[in-house]
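Worksheet: the structure to be examined is printed underneath.
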Amino acid sequence: MAKQYWLLKTEPTAYSIDDMKRDGKTQWTGVRNYQARNTLRDLMKKGDLALFYHSSSDVTGIVGTCEITSDALPDPTAWDSKDSHYDAKSSPANPIWYCREVKFKQKFKQPISLSDLRNIKGLEKMVVLQKGSRLSVQPVTEKEWELITKQAK
DNA sequence: GCCAACGTTGGC
DNA sequence: GCCAACGTTGGC
């Protein structure tokens, strides 16, 4: 099957593109929304690429790219009672939440802000640009991926 | 800080 | 199964 594209949202105060660049790779944990969980667990494939999105920051928008480098794994932060994403209903025997290993690919020289994105013809239907879009793991079409990565050069 | 949009919870 | 109340997200 052809490579697919995604968008991963994060608040840079929690985990930024610079953190990811420093770490090289990370476990993408803490997703606690069923639709995002289903995408993460069922739809993604190892080798897929994703846009890295900063929300609630001085520049909200796409700041780089990364690659999905594992199959779906149970999210261990769900059964860590000290973790802010702890969920007592999840257990190692019966995990509810899942995560992926994600590898750093590139940091854009210039972030592509939300208003930049709105000005690019062809991105009108992009999920993150829809009113009230709160999904933290979203699908991105190949066309959208190409328009954005081309813009980043 | 405001508030719209959305998801979840729980009483009935 | 409905829906009001509540909590959270996230742009502005």
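Sequence lines set the chain letters: A, B, ... in the order given, protein chains first and strands last, and positions in each chain run from 1.
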What residues form a side chain to side chain donor-acceptor pair (under 3.5 Å) with W28(A), not counting sequence neighbours?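 Here no residue qualifies.
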Please determine if R32(A) and D75(A) form a salt bridge, counting it only when a charged side-chain N lies under 4.0 Å from a carboxylate O.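 A salt bridge is present here (some side-chain N lies under 4.0 Å from a carboxylate O).
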Whether D19(A) and R22(A) form a salt bridge (side-chain N of Lys/Arg under 4.0 Å from carboxylate O of Asp/Glu) is what I want to check.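 Judged by the 4.0 Å cut-off on N to carboxylate O distance, R22(A) and D19(A) do form a salt bridge.
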Taking atom types as modelled and ignoring hydrogens, do the side chains of S113(A) and D116(A) form a donor-acceptor contact shorter than 3.5 angstrom?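 Looking only at side-chain atoms, D116(A) and S113(A) do form a donor-acceptor pair, the distance falling under 3.5 Å.
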Would you grab the first and last nucleotide of DNA chain B (5' to 3') that comes under 4.0 Å of any non-hydrogen atom in chain A?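 Here the contact window of chain A covers dA5(B) to dT8(B).
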Keeping D23(A) on the side-chain end and T26(A) on the backbone end, is there a donor-acceptor pair under 3.5 Å?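 Pair absent, no side-chain N/O of D23(A) close to backbone of T26(A).
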Base, sugar-phosphate, or nothing: which does R118(A) touch, judged by heavy atoms less than 4.0 Å apart?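 Sugar-phosphate, backbone atoms only, no base.
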